Amino acid sequence: MTSIELADPGAGRPRLHAVAADEVADPADLADLADRADLADSLVPPGAAEPGGRVDRARATAAVADLLTALGRDIRSPHLAETPRRVADSFIELLTPRPFQATTFPNDEGYDELVVVAGIPFDSLCEHHMLPFSGTAHVGYVPGAQLLGLSKFARVVERFARDLQVQERLTRQVAGWIEAELAPAGVGVVLEAEHLCMSVRGVQVRGSRTVTSSFTGVVRDDERTRREFLARCGLRGMME
């Protein structure tokens, strides 16, 4: 695994979130957020980490209200009256992955070259400051006996990103899930992200990005395969 800091502001990109920050959520959507916590235990994909504890929306809302009061804010203000609920719902969404089951297919044709899904956007929460870090994941593997449905790569990234995370762990978790589910000849995962805990507080370095990687099997051990993976992901700077 490598970790590199580069000053390179990212371009705008689509979000995976169901509700944008300035949208009013439909009540049915909010109910769905609470339902996800109940569904997660039964539908966690094989090889995935177990989900956290049950979500207590009312308690989370009250906690946000207490925090705002402790920070000297008047939650009786009409501008803040609904803020505790909105913040609680935002964290529930950010910390609750959508359940899914892996779709795999027999590798009947014996395909043994790289399969790469590059440019998967993701958002996660830094477990040290509970501030977002956002970026792009590049995922690839050399198949063994099974192939994975392409859309599931984005689902796997989201499954682990929607948690309190550090980028290094997230990178390894995505690679580990693919290893456990598919038993491939090799896996490559690279994550590039900007961390708000660095850009809006503390050192306040805007536009920096952190790059982490996890390689296994032939992607790690065979230089030609690793360089091909990085080239397909547009990561030529990591090939030096």
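Computed from a prediction, not measured in an experiment: that's the story for all the values here.
Annotation: ring pair (Phe, Tyr, Trp, His ring centres under 6.0 Å) contacts of H138 (sequence neighbours excluded): none.
By the rule that hydrophobic residues join a cluster once side-chain heavy atoms approach within less than 4.5 Å of another member, V117 and Y111 end up as members of one cluster. Hydrophobic clustering (side-chain heavy atoms under 4.5 Å, transitive across Ile, Leu, Val, Met, Phe, Trp, Tyr) groups M130 together with V87.
For T212 and Q167, the side-chain atoms include at least one donor-acceptor pair closer than 3.5 Å. Q173 and Q165 share a donor-acceptor pair across their side chains, judged by distance under 3.5 Å alone. Between the side chains of E179 and T216, at least one donor N or O sits under 3.5 Å from an acceptor N or O.
Proximity of a side-chain donor or acceptor of Y141 to a complementary backbone N or O of L182 within less than 3.5 Å is not detected. Side-chain atoms of R73 come within 3.5 Å of backbone N or O of L71 as a donor-acceptor pair. Formation of a donor-acceptor pair under 3.5 Å by the R226 side chain with backbone atoms of R220 is found in this model. N107 places a side-chain N or O within 3.5 Å of a backbone atom of G144 that can act as its donor or acceptor partner. Checked by atom type and distance alone, the side chain of R232 pairs as donor or acceptor with a backbone atom of L114 at under 3.5 Å.
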Evaluation steps, side chain to side chain contact (heavy atoms under 4.5 Å, CB included), between T210 and E192: CA-CA 6 Å; T210 299; E192 307 175 88; over 6 Å; no
Worked verdict on V64 versus F91 for side chain to side chain contact (heavy atoms under 4.5 Å, CB included): CA-CA 11 Å; V64 176; F91 277 108; 5.6 Å; no
Residue pair I75, T69: steps toward the side chain to side chain contact (heavy atoms under 4.5 Å, CB included) verdict: CA-CA 7 Å; I75 60 173; T69 300; 3.9 Å; yes
Chi angles and distances behind the salt bridge (charged side-chain N to carboxylate O under 4.0 Å, His left out) call for E127, R169: CA-CA 11 Å; E127 70 178 6; R169 180 197 305 136; 3.0 Å; yes
Worked check of side chain to side chain contact (heavy atoms under 4.5 Å, CB included) between L191 and T136: CA-CA 6 Å; L191 268 56; T136 303; over 6 Å; no
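Using a 4.5 Å heavy-atom threshold, the side chains of T83 and L68 count as touching. In this structure, the side chains of F215 and D221 stay at 4.5 Å or more apart for every pair of heavy atoms. Side-chain contact between R159 and V174: absent, with no pair of heavy atoms (C-beta onward) separated by less than 4.5 Å.
The existence of a salt bridge linking E168 and R172 is excluded, since no basic side-chain nitrogen approaches an acidic carboxylate oxygen closer than 4.0 Å. For R85 and E82, the salt-bridge test passes: some basic side-chain N is under 4.0 Å from an acidic carboxylate O.
Checking each of V116, V189, D222 against F229 for a side chain to side chain contact (heavy atoms under 4.5 Å, CB included) leaves exactly one that passes, namely V116.
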